[in-house]
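Worksheet for the structure shown next.
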Amino acid sequence: MSSDEKPSAPRSLAEALRARDDASLAALLRARPDLVTPVPTDLTQLATRAGTRASVVRALEHLDRFTLQTAEALAVAAEPAAYEELLGLMAGDARDAAVVAALPGAVAVLREQALLWGDDDRLRLVRTARELLAPSPQHPSPTGLGPSVREATAGMSPGRIQEIVTAAGLASTHDSVSAVTALASLFSDRRRMGALLAEAPAESLEVLERLVWGPPYGQVTADPAARLRWLLDRGLLLPTAPGTVVMPREVALHLRGGHAHRGPEPVPPAVEAAAARRPQVVDAAAAGQAYTALATVEELLKDWDEGGPAVLRAGGLSQRDLKRTAVALDLSEPMAAFWVELAYAAGLIASDGEADERYAATPFFDEWVERPPAERWVLLAQAWLAGTRTPGLIGGRDAKERTLSALGPGLDRSAAPEVRRRVLTLLAGLPEGTAPTAESVLARLAWERPLRGPQRDDDLRSRLARWTLSEAELLGITGRGALSSQARALLGAAGHPHGPGADRGTGSARDAGSPQGTGSPQAAGFPQGPGDKLPFHHHTVPAHAPGLLSPAERAAASAAAVRLLAPLLPEPLDHVLLQADLTAVAPGPLHRPLADVLGVLADVESKGGATVYRFTPGSVRRALDAGRSASDLHAFLAEHSRTPVPQPLTYLIDDVARRHGHLRVGAASAYVRCDDDAMLNEILADKRAVALRLRRLAPTVLAAQADPAALLDGLRAMGFAPAAESAEGDVLITRADAHRSPPRTAPEPVPEGPPVPDGTLLAAAIRAIRAGDLASTAPRKPAEDAIAQAPGALPRTSPADTLATMQAAVLTGEAVWIGYVNAEGSASQRVIAPVRVEGGFVTAYDHTADEVRTYPLHRITGVAELADDEA
């Protein structure tokens, strides 16, 4: 230990972790869950894992912009760096007050996440983070700084270094190391550096101004101009390769006034309001969109009721089927793709698994459609919030240049749920009824999770955020751009009068304003874990995002959203208005039995605030084919119409019913029989019947080569109304059977990295790490005849010595250190306090497992007593 180092100063990251309390270790494992999978054996292994490249890269990607800027500044500072040096790099010579106030928090975050260790007078980035963030020709630093004088002169000849020192006005030295140190000291001294630059030609200063904020590299010719020669002679530019020069880091920092970054951003950008409306207006607009969402999903599933589109060989919908679905729903193809994907994410549609594989509604759809509308909407909203499938990618191309199709592979983006949650949390932080500007939301997200490199408007997170804003409006999460009350309740927004966080005393504005703490996405209280369900149905979509709400609070949030939304949805009607032009007007949503029957009896002509149905001979025949008689249809219309049944509609029903079944089609290959031979003559004379290959068997019977179904369709296309009959001659009732897939679960979201461990797992992991660390670091008394072993290996003692030491420990009550190999052959080190030794087993309190366990003596490789000060 050096003379200027505090006795308690940690010498490694492992020692720094060893000094932490359990709460601090839990915060580290919660922030970096990859460190706990699998549980490290001790703190040394935890520190090693925290310094691996993959783990460090993941941790850096989850830092906000100011904390990342702090890490970047440490990467260009001396190692170790004092806090004052870091403050100078971040706040500059003028000591920006906002940076001074925010820097301790950023340093604390880096320490908490084990990216930084050491006391304030000896701050050290973990080596991997420094390698990733330090500037190099291949990977320029976001600071725009170049190498230090020492790094830039590493390959320079001693004579040339002495020439530069002399030209800069310094005394020559006896060695290159001291010369480089003197030059760096000159460039770091504000007064002396100012005097040197005061002698520089104006043209030379212009060159420095062009390089000062980066990139620090420039090109020169073999015979540089005078303005460049002046800089090269004094080391203000140093050669790095033939024809390339670089501005040393110390020179750039002087010209920048000490700033490592051109624009440090200690404060997150505010989310700006685009418009403010009354909350009641927002809630009503969102409820209208929610009702439209439910109607659209129902219409989609009814369109696929008898079997949907075929599944492509590679999976997904073909472009032709997507286009046909869009036409059926009267939507654009991207919007149709969104609703198809939403229904799939909610577990309402799936592949039927047949040889001729097709998409179909799942049995859960029949359950879902019977639920109250508000509950159905909550299920859709939860599926959207938790899903990782991203409809906005449909139509694009994957890494192999294959087109991404709806319901096909390649649409999962693990960042989607986190971005959706964060966008909605930002909206929840605004006053109720306030809609944000999309640009301010994107700017805030870019600050919270910046890209390591140039920021782009087309990066995945920005696109996910834009899609979130538009999809939330389609789904009714937002109304006219503002978050609705029912969505606030569903998210469990703190401070909402109906949300489970209402009693916590933390305001939503604070949640939206803090990148750490309560402002994290977890504060939104989303469901988590594969077992988390909504309270009112067993088939809900699991959400894997961590949340601060307990399962009971999440259930309360869902119930609160249902309570708020239900009164805003239109009440279903039990009547229609029949018109003389063979149409029926439904002035609002209809009760399900009425809508189902009317959907068979009439065709939908137009939709909107009111739905218009049109009665045609084909639609009436469809109702008769489904088993209803003319009298049933007359009674149905009279019961559910607020206007008298028009006479043309009565005539239409009677006329179709009179002709319905006059022709009979059965199985021979197929046959047609009719008591009216004139009608059979008419059929035979029709040219459209040629494809049916009909021939007369009797005055009232025709035989056909086509099958009965094709014969029925052909005769109906010719304008007749045949009915199918059984082998006994009875009319067959041909209802359209709904096609369903086998029971399917909703697609599992693809998590972004390992899940955040819960409190129970964290407590157990920390106990195991502490105990393993005790076992590996506790001072031990070597047995006199212990078998020789390498450092860090399992203890090795003879069976007799092992037994004797165990028996002695039982009498003295002391803890001992053992090596143990379990039945699977896995070896471990443990610290135990033996209680009893008998029958070839030792019963002891195991500090590693924090419980009493029994170990076979023959599986103990060796034992050692702990040193007196650790016993």
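If you're wondering where the values come from, they're calculated on a predicted model, not measured in any experiment.
- Ala489 and Ala557 get closest at one heavy-atom pair: O-CB, 3.2 Å.
- Using modelled atom types, no side-chain atom of Arg124 and backbone atom of Ala81 make a donor-acceptor pair closer than 3.5 Å.
- Distance CG/Leu29 to CG/Leu761: 8.5 Å, rounded to 0.5 Å.
- Contact detail for Ala381 and Leu475: the closest heavy-atom pair is CA-CD2, 3.9 Å.
- In this structure a side-chain-to-backbone donor-acceptor pair under 3.5 Å is missing from Thr434 to Leu430.
- The two atoms that bring His254 and Leu197 nearest to each other are CD2-CD1, 3.6 Å, heavy atoms only.
- Remark: Arg190 CZ is packed, more than 12 non-hydrogen atoms of other residues, nucleotides or ligands lying under 6.0 Å away.
- With values rounded to the nearest 0.5 angstrom, Leu132 atom CG is found 10.0 Å from Leu115 atom CG.
- Looking at Ser440, its side chain never comes within 3.5 Å of a backbone N or O of Ala438 through a donor-acceptor pair.
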Margin query: Evaluate Ser55 against Arg32 for side chain to side chain donor-acceptor pair (under 3.5 Å), listing each step before the verdict.
Written below: CA-CA 8 Å; Ser55 183; Arg32 298 175 65 179; 2.7 Å; yes

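- Side chains of Glu72 and Thr143: no donor on one and acceptor on the other come within 3.5 Å.
- Judged by distance alone, the side chains of Asp283 and Ser485 do bring a donor and an acceptor atom under 3.5 Å apart.
- At a threshold of 4.0 Å, the pair Asp119-Arg111 does not count as salt-bridged, since none of the basic side-chain nitrogens sits closer than that to a carboxylate oxygen.
- Looking at Leu427 and Pro436, their side chains come closer than 4.5 Å, going by heavy atoms from C-beta outward.
- The line from CD of Glu206 to CD of Glu203 is 6.5 Å long, rounded to the nearest 0.5 Å.
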Margin query: With salt bridge (Lys or Arg N to Asp or Glu O under 4.0 Å) as the criterion, how do Glu131 and Arg53 come out once you've worked through the C-alpha distance, each side chain's angles and the decisive distance to 0.1 Å?
Written below: CA-CA 10 Å; Glu131 292 172 355; Arg53 184 180 180 88; 5.6 Å; no

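- Panel note: side chain Arg249, backbone Gly146; a donor-acceptor pair is recorded below 3.5 Å.
- To the nearest 0.5 Å, the span separating CG on Leu74 from CD on Glu79 amounts to 9.5 Å.
- Among Glu15, Arg49, Arg18, the one residue that satisfies the side chain to side chain donor-acceptor pair (under 3.5 Å) test with Thr44 is Arg18.
- The structure places CG of Asp64 at 3.5 Å from CH2 of Trp447, a figure rounded to the nearest 0.5 Å.
- Scanning all heavy atoms of the two residues, the minimum distance from Trp117 to Leu125 falls at NE1-O, 4.5 Å.
- The side-chain tip of Arg420 points at the ring of Trp384 from less than 6.0 angstrom away and within 45° of straight on.
- What you find for Leu145 and Pro135 is that their closest heavy atoms are O-CB, 3.3 Å.
- Under a 4.0 Å N-O distance rule, the pair Glu418/Arg449 qualifies as a salt bridge.
- Leu231 and Ser204 get closest at one heavy-atom pair: CD1-O, 3.7 Å.
- Between atom CG of residue Leu25 and atom CG of residue Leu762 there is a gap of 10.0 Å, rounded to the nearest 0.5 Å.
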Next item on the list: Using the side chain to side chain donor-acceptor pair (under 3.5 Å) rule, take Arg150 and Thr181 through it: C-alpha gap first, then chi angles, then the decisive distance, then the call.
Entry: CA-CA 8 Å; Arg150 186 176 303 278; Thr181 301; 3.2 Å; yes

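- Side-chain atoms of Pro268 and Phe66, non-hydrogen and from C-beta on, never get closer than 4.5 Å to each other.
- A donor-acceptor pair under 3.5 Å is absent between the side-chain atoms of Glu265 and the main chain of Arg65, judged by distance alone.
- A salt bridge links Arg422 and Glu448; the closest N-O separation between the charged side-chain nitrogens and carboxylate oxygens is under 4.0 Å.
- Side-chain atoms of Arg389 never come within 3.5 Å of backbone atoms of Pro749 as a donor-acceptor pair (strictly under, hydrogens ignored).
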Item checked: Working for side chain to side chain contact (heavy atoms under 4.5 Å, CB included), residues Thr128 and Thr52 -> CA-CA 7 Å; Thr128 308; Thr52 59; over 6 Å; no

Next item on the list: Take Thr67 and Thr70 through the test side chain to side chain donor-acceptor pair (under 3.5 Å) and record every step on the way to the result.
Entry: CA-CA 5 Å; Thr67 307; Thr70 303; 5.7 Å; no

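- Judged by distance alone, with hydrogens and angles left aside, the side-chain atoms of Gln113 form no donor-acceptor pair with the main-chain N or O of Leu28 at under 3.5 Å.
- Checking Ser188 against Ser185 by side-chain atom types alone, no donor-acceptor pair falls below 3.5 Å.
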